[in-house]
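Heads up: the structure comes next, in structure tokens.
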Amino acid sequence: LWLLVCLLLKLFSAVEVQRPRGVPLSKRQFYEEGKPFTCLDGSRTIPFDRVNDDYCDCQDGSDEPGTAACPNGSFHCTNAGFRPTFIPSSRINDGICDCCDTTDEYNSGATCQNTCRELGRKERESLQKMAEIAKEGFLLKQQLIHEANRGLEDKKAKLGDVQGSKKDLEAKVEALRTVKEAAEQPEREAKERHLKAWEDQKALIQKEKESARMAEVFLELDDDADGFVSVPELLSHSELDPDADGSFTEAEAQGLLGGVDKVDTAAFESIWSNVKEKYMSESNADTPAPEETSREEINEPDEDDDDEEDEDDDRDEHEYKVSSLNFPSNLSRTEEKKDDDEGAMPPYDQETQNLIDGKNAFKTELFNFGFGICFRNLEKEISFDFGPSSEFAYLYSQCYELTTSEYIYRLCPFNRVTQKPKFGGSETNLGSWGKWAGPEDSIYSVMKYEHGTGCWQGPSRSTTVKLTCGKETVVTSTSEPSRCEYLMEFTCPAICQEPPNLEISSHEHQEL
Amino acid sequence: MAPLLVLGLALCLSGTWAVDKGNFKTCEQSAFCKRQRALKPGESPYRALLETMELTNTRLTLQLINDNNKVRLLLELYRLQGNITRVKINELKPLKPRYEVPDVLIREPTTEPLSVLSQDENGVVLSLGVESQRVIISARPFRLDIMEGSDVLMSLNSRGLLAFEHLRMRKDTFSYKVTSTVASTTKEEEEKVEDGMWEETFKSHTDSKPNGPSAVSLDFSLPGVEHVYGIPEHADTLRLKTTDNGDPYRLYNLDVFQYELYNPMALYGSVPVMVAHSAQRTTGIFWLNAAETWVDISSNTAGKTVFGKMLDYVQGSSETPQTDVRWISESGIIDIFIMLGPTPKDVFSQYASLTGTQSFPPLASLGYHQCRWNYNDQEDVKSVDAGFDEHDIPYDFIWLDIEHTDGKRYFTWDPHKFATPKEMLQGLMDKKRKMVAIVDPHIKVDGNYKIHNEIRSRGFYVKNKDGGDYEGWCWPGSASYPDFTRADMRAWWASMFAYDQYEGTMENLYTWNDMNEPSVFNGPEVTMHKDATHGAWEHRDIHNLYGLYVQMATAEGLIQRSGGVERPFVLTRAFFAGSQRLGAVWTGDNAAEWGHLKISIPMCLSMGLVGISFCGADIGGFFKSPSTELLVRWYQAGAYQPFYRAHAHVDTPRREPWLFGPENTALIREAVRQRYTLLPYWYQLFYRAHVTGEPVMRPLWVEYPQDLATFALEDEYLIGKTNLLVHPVVEEGARGVTAYLPGKDEVWFDVHTFQKHNGAQNLYIPVTMSSIPVFQRGGSIIPRKLRVRRSSTCMEHDPYTLYVALNLQRTADGELYIDDGHTFNYEKKEFIYRKLTFANKVLSSVNLAPDAKFTTDSWIERIIVLGASKPSKVTLKTADGQEKQLEFDFDASMSVLTVRKPGMNAGADWTMTFQ
């Protein structure tokens with residue numbers, strides 16, 4: 001949206017100034033009427049009448065900004081009412097209208113209409129619309145984040161309840177399983193010992209990591225490296241503004257520092273919880289830190305969540321972990337494979353494993369007792385990377401369909417993509433959830449689903465889902481650019497970025 | 001495309017990416033070939049009955065008798081205009097007529113008188129009119145020698161391999177067979193009944209052969225010849241190999257899945273023309289027969305080492321080198337045209353006088369073509385089109401393969417993916433670009449399909465042996481095949497291209513005929529059953545002609561829809577002698593392998609030698625996915641081959657030029673741009689090819705016929721007369737190439753650096769990924785348009801730069817041809833054709849066609865003289881007598897003179913003096 005502002009500024013400053021055809025205003029000073037012209041690369045100087053004389057004299061094409069004579073030239077269209085642009089000079093007088101102000105076709109006989117105002121209007125409208133969408137989408141996103149966090153807390157709470165009533169439940173299960181009880185008891189103890197040891201180790205690592213991050217943030221904040229983080233230093237991080245009202249005041253900053261003007265490392269520790277949630281690394285101010293993303297790529301999201309939202313809630317954190325570890329049916333194995341940050345939990349010994357396997361019955365019991373949660377799924381769900389603020393969590397266990405002339409496409413985020421012929425026929429798997437696969441600066445803009453049904457003589461099917469900001473969550477199109485490689489366009493609010501303050505720019509527009 | 005169904009099977013069997021040879025017959029598996037090949041050289045049973053000789057003004061006739069079975073043949077001998085001798089041999093009284101190929105010769109050839117020089121009981125000597133050329137017909141055994149002076153140019157039946165299986169009644173009841181065998185010793189006409197004479201089974205297919213054996217065969221000896229070329233289409237070397245130790249070269253149009261290289265197997269097209277060349281003479285043999293044909297080649301020097309040859313020489317015991325050739329066809333007659341040269345260009349014009357020249361393509365079709373199986377929908381087309389603009393790569397045509405149709409019903413559009421084709425075509429037209437959509441000759445059997453219903457109700461389908469409409473499997477599933485041998489069918493088909501018949505089409509939509517061998521997935525050897533019928537004839541008789549007819553009818557349709565104004569563009573996969581008149585040919589379903597890039601050169605050179613100049617291979621390779629290096633190299637090589645189209649199999653990842661990173665996009669852009677700067681030259685060469693029949697892309701020996709070093713070169717070639725020599729990089733990881741620059745007294749200029757090299761040397765050229773080694777011969781003038789735009793049509797009015805490369809005599813010449821680029825108006829003399837000459841320090845443009853009229857907006861913007869010395873002044877004198885001094889730059893280090901903006905119109909007379 002800064003674009004819009006820039007555009008508007010440009011637009012109103014684009015008053016025609018006399019200069020050779022095809023020269024942008026910014027280079028006007030190099031083309032001085034009547035004076036010898038020096039090629040912009042400095043390679044030679046020619047009389048001014050050789051500028052735009054339809055013969056290429058300069059290697060860099062700079063003597064023919066307004067003709068097609070140079071193979072590497074470019075032509076500047078002012079496009080008053082729209083956006084100025086450069087076109088390759090090979091498009092001058094080729095009979096095709098390229099510049100909306102028609103200036104590229106001054107001698108070809110082509111009849112071009114000046115469409116700049118129309119285009120400008122349309123672009124403004126669409127930018128406006130996009131901004132509105134982004135704004136509303138962003139609000140929705142905030143809500144989603146809120147809900148996601150609450151949902152997560154709920155789930156954790158539920159798990160906590162389970163943990164709380166664990167003994168009761170176990171007693172009941174055990175009552176139902178009196179025959180096995182004697183054999184299971186020592187095994188459970190073995191497992192618990194195993195888990196406890198693992199948990200302790202994990203917590204330690206977690207703690208170390210947290211300290212490291214805190215130290216890192218301190219160093220980053222301490223701009224003048226005086227060993228203190230001060231109010232002015234903090235003020236450069238507008239994202240820390242507690243009420244996010246767009247003005248981060250000294251008072252607010254002071255508040256964050258616990259009421260003092262500056263803090264040293266020790267004091268910083270005590271105010272860390274005020275800062276860490278919102279703090280954005282300076283090295284990568286508007287994107288997630290790269291090391292975070294690489295971890296996310298390998299699908300180890302619960303730890304991230306812990307870092308960013310739950311760490312402050314030790315009790316919750318602890319309960320969640322313990323609870324989840326009580327039902328490690330398949331999670332434990334994925335953790336073994338994927339957790340490269342804290343090390344993998346060593347496998348259970350056989351006896352413990354036997355015990356765990358026997359727990360299926362225990363889970364069934366839990367359902368019977370009406371907890372209403374599929375713990376397996378819950379665990380799986382918690383393992384996903386739902387975005388930096390879990391804003392994509394709402395997509396989980398949802399499916400979105402798009403019907404085309406031949407097929408019904410179905411996107412179940414974090415699960416899989418399928419295609420089913422509209423008029424009967426079996427479903428084809430176009431890929432199962434793989435990873436976030438956007439470019440480095442927006443990794444959450446693309447989802448990749450992989451290892452679908454194999455193609456004859458070809459690879460297995462895969463789907464790339466491109467996310468764009470929208471109020472609605474909907475699949476807008478599908479295509480198969482290459483055989484068995486599908487492309488899906490998907491809009492949802494969770495990808496919306498906070499728009500720069502639109503009111504200001506449109507206000508400016510009014511004034512201008 | 002290739003037939004997937006069959007192919008699944010093929011893959012299962014072979015398990016590799018290679019042709020399944022088991023799907024295609026060897027000579028041994030083809031009954032007539034086996035039978036004929038079993039005959040060994042020796043005394044011929046045929047005797048000329050000299051007493052039956054009749055000589056009229058136009059022809060000589062003579063009966064031949066087979067002394068074994070007493071069957072008589074009629075030999076006709078004609079002397080044709082332009083140093084061609086035609087020999088026809090047919091049964092004197094066949095049981096029923098034998099097929100004689102129609103529609104291939106452009107007219108009944110003009111005959112010249114023959115005269116008898118001498119005659120006795122052993123033979124006749126005839127004068128061929130020119131020089132001291134004579135034909136000697138020997139009576140016992142029959143043999144025919146063509147002499148010039150004391151040299152034998154060519155001998156027929158000198159090895160006694162003339163064989164003519166006469167038509168006979170079937171004696172096929174079992175009891176009869178038994179008795180006849182018993183009685184055979186007493187019946188002189190009785191011949192051995194062999195397997196495969198009356199029925200033949202290959203794999204699961206049985207050929208009913210109701211006419212029994214009908215093969216014909218003849219041998220030719222070529223004294224003094226060690227190099228023979230032609231008889232495409234084979235994925236083999238330019239110089240044909242001897243076939244003693246393997247199968248003969250086969251000519252039988254087939255849809256071969258994943259063809260193998262360096263192999264005499266048949267491919268999609270057949271031109272039964274062989275060119276023989278020695279330092280003394282070039283001759284050609286045109287075997288006009290459309291049935292399955294095999295060609296055996298042997299040579300008395302083939303097995304000899306260089307040392308062996310030298311020993312012969314020293315000992316003086318050497319026999320003259322000689323190549324022997326033998327043609328075998330399954331049916332029809334023997335109808336041969338002996339083209340006596342003596343130069344390569346004479347042979348080209350002799351052949352052109354028989355079958356016509358290369359069609360003159362629309363200029364745009366010489367640009368770059370972007371194809372893929374398939375561009376999915378209109379949106380896809382639009383975004384690929386936009387991609388070319390975004391990456392500033394020119395192109396002229398985007399192509400749609402079979403998936404654009406409504407369920408493989410040709411002449412229709414998929415109602416969802418291509419709902420508004422005119423909108424799409426208009427979008428392309430707005431950018432001065434064009435489209436090609438595929439129309440294959442197999443028609444979906446579907447009662448709701450107009451085309452099918454019409455063809456069926458008119459009885460236009462090929463019939464099966466039982467008289468019903470022939471059905472086979474192809475892309476649409478069950479399909480029938482229109483009988484394109486019928487003129488009325490072709491006229492109807494042509495009418496289907498009218499804008500009101502072929503809905504959704506516009507003038508910028510052109511056509512691609514694929515699968516016209518014809519491909520029948522479930523047929524024998526993936527083609528039509530030989531006992532299917534086309535009226536009175538069996539498919540056996542006409543097979544190799546089918547594809548030509550499909551293209552003929554289609555091209556006619558495109559001409560008719562424009563009221564005869566616009567030149568058509570039709571690409572075909574199957575072809576025959578004469579196909580050059582109808583459009584472009586490509587080398588079919590190649591693969592993304594370096595070997596396939598490499599072989600595209602000899603494959604297209606071979607086609608050029610037999611008239612088909614408009615040839616190309618799928619850039620990047622059709623099957624499989626090319627490495628980036630291979631793709632770039634292929635774009636570079638393809639930029640200097642006549643038909644320049646990228647294509648890819650549906651199962652391969654996308655490979656539009658910008659998908660391989662900015663560096664490779666830039667390399668591809670540069671290759672395509674080089675092509676576009678040279679379009680004026682390509683166009684002019686196609687005009688020349690259209691007028692003379694000379695190939696556009698030609699082997700070096702054509703221009704250096706005495707230079708033995710050029711005779712087997714196939715990694716480099718010339719474009720046009722001798723003006724550009726191209727040695728593309730076709731090896732992976734190449735650091736350099738060694739190009740042979742011919743001509744003792746020639747100099748060659750690197751077109752990129754202008755560096756001068758002497759001729760008659762092997763030049764090592766270091767290469768990088770951007771290198772495309774191309775040289776302009778000193779002594780040539782080549783026009784280019786350096787303002788490359790997004791399509792060739794956008795460049796129509798742009799000015800020319802003339803590249804004048806001086807030879808050691810400081811002279812050069814060239815031509816400039818200009819017309820509207822797309823209509824037949826050039827036939828009404830609406831063109832500019834000029835001769836450009838540099839001599840005595842004067843460059844001039846002279847009208848070569850004073851009776852032609854055309855005006856152009858194009859002017860001469862620049863003249864670059866390579867190998868120049870520095871003038872003190874350059875003066876332009878225009879037709880109105882005005883003189884003006886021109887500015888110039890001189891680069892002394894490279895001896896390059898650049899004349900700035902002379903500005904005269906490209907169609908005007910002018911002289912430029914360098915003082």
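Bear in mind the structure is a predicted one, so any value in this text is a computation, not a measurement. Labels below follow one simple rule: chain letters A, B, ... track the order of the sequence lines, proteins then strands, and each chain is numbered from 1.
By the neighbour-count criterion of 12 heavy atoms within 6.0 Å, atom NE2 of A:His451 is sparsely surrounded, having that number or fewer from other residues, nucleotides or ligands. Within 6.0 Å of NZ on A:Lys448 lie more than 12 heavy atoms contributed by other residues, nucleotides or ligands. With a 6.0 Å radius and a threshold of 12 heavy atoms from other residues, nucleotides or ligands, B:Gln426 has its CD atom above the threshold. Atom CD of A:Gln113 is surrounded by 12 or fewer heavy atoms from other residues, nucleotides or ligands within 6.0 Å.
Neither the backbone nor the side chain of B:Thr677 comes within less than 4.5 Å of any heavy atom of chain A. In this structure, no portion of B:Glu403 lies under 4.5 Å from any heavy atom of chain A. Neither the backbone nor the side chain of B:Thr793 comes within contact range of chain A; no heavy atoms are under 4.5 Å apart. Residue contact with chain B, scored on non-hydrogen atoms closer than 4.5 Å, is absent for A:Ala110. Using a 4.5 Å cut-off between heavy atoms, B:Asp389 contacts chain A through both its backbone and its side chain.
Taking each heavy atom of B:Glu861 and A:Tyr55 in turn, the nearest pair found is O-CE1, 3.0 Å. Closest non-hydrogen pair, B:Arg789 versus A:Ser89, comes out as NH1-O, 4.5 Å.
Side chain of A:Ser482 to backbone of B:Arg654: a donor-acceptor contact under 3.5 angstrom is found.
Here the straight-line distance linking atom CD of A:Glu480 with atom CG of B:Asn376 works out to 6.5 Å at 0.5 Å rounding. To the nearest 0.5 angstrom, B:Arg787 atom CZ is 5.5 Å from A:Thr67 atom OG1. Expressed to the nearest 0.5 Å, how far CD of B:Glu379 lies from OG of A:Ser477 amounts to 9.0 Å. Distance check: B:Asp414 CG to A:Ser405 OG gives 7.0 Å after rounding to the nearest 0.5 Å.
Between B:His797 and A:Ser108, the closest side-chain pair of non-hydrogen atoms is not below 4.5 Å. With a 4.5 Å cut-off on side-chain heavy atoms, A:Ile96 and B:Lys432 count as touching.
Scored by the side chain to side chain contact (heavy atoms under 4.5 Å, CB included) test, B:Asp392 finds A:Pro88, A:Ser90, A:Arg91, B:Arg669, B:Arg673 as partners (sequence neighbours excluded). Applying the side chain to side chain contact (heavy atoms under 4.5 Å, CB included) criterion to A:Thr418, with sequence neighbours excluded, gives A:Arg410, A:Arg416, A:Glu427. Taking B:Glu390 as the reference, nothing meets the salt bridge (charged side-chain N to carboxylate O under 4.0 Å, His left out) condition, with sequence neighbours excluded.
A:Asp98 and B:Arg790 are joined by a salt bridge, as a carboxylate oxygen and a charged side-chain nitrogen come within less than 4.0 angstrom of each other.
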Stepwise side chain to side chain contact (heavy atoms under 4.5 Å, CB included) check, B:Met795 with A:Asp94
CA-CA 7 Å; B:Met795 297 163 65; A:Asp94 66 350; over 6 Å; no
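For the set A:Ala68, A:Cys97, A:Cys70, A:Gly95, the count of heavy-atom pairs under 4.5 angstrom toward chain B peaks at A:Ala68. No other option in B:Pro653, B:Pro799, B:Pro415 has as many heavy-atom pairs under 4.5 Å with chain A as B:Pro653.
Residues of residues 39-54 of chain A lying under 4.5 angstrom from chain B, judged on non-hydrogen atoms, are A:Arg44, A:Arg50, A:Asp53, A:Asp54 by number.
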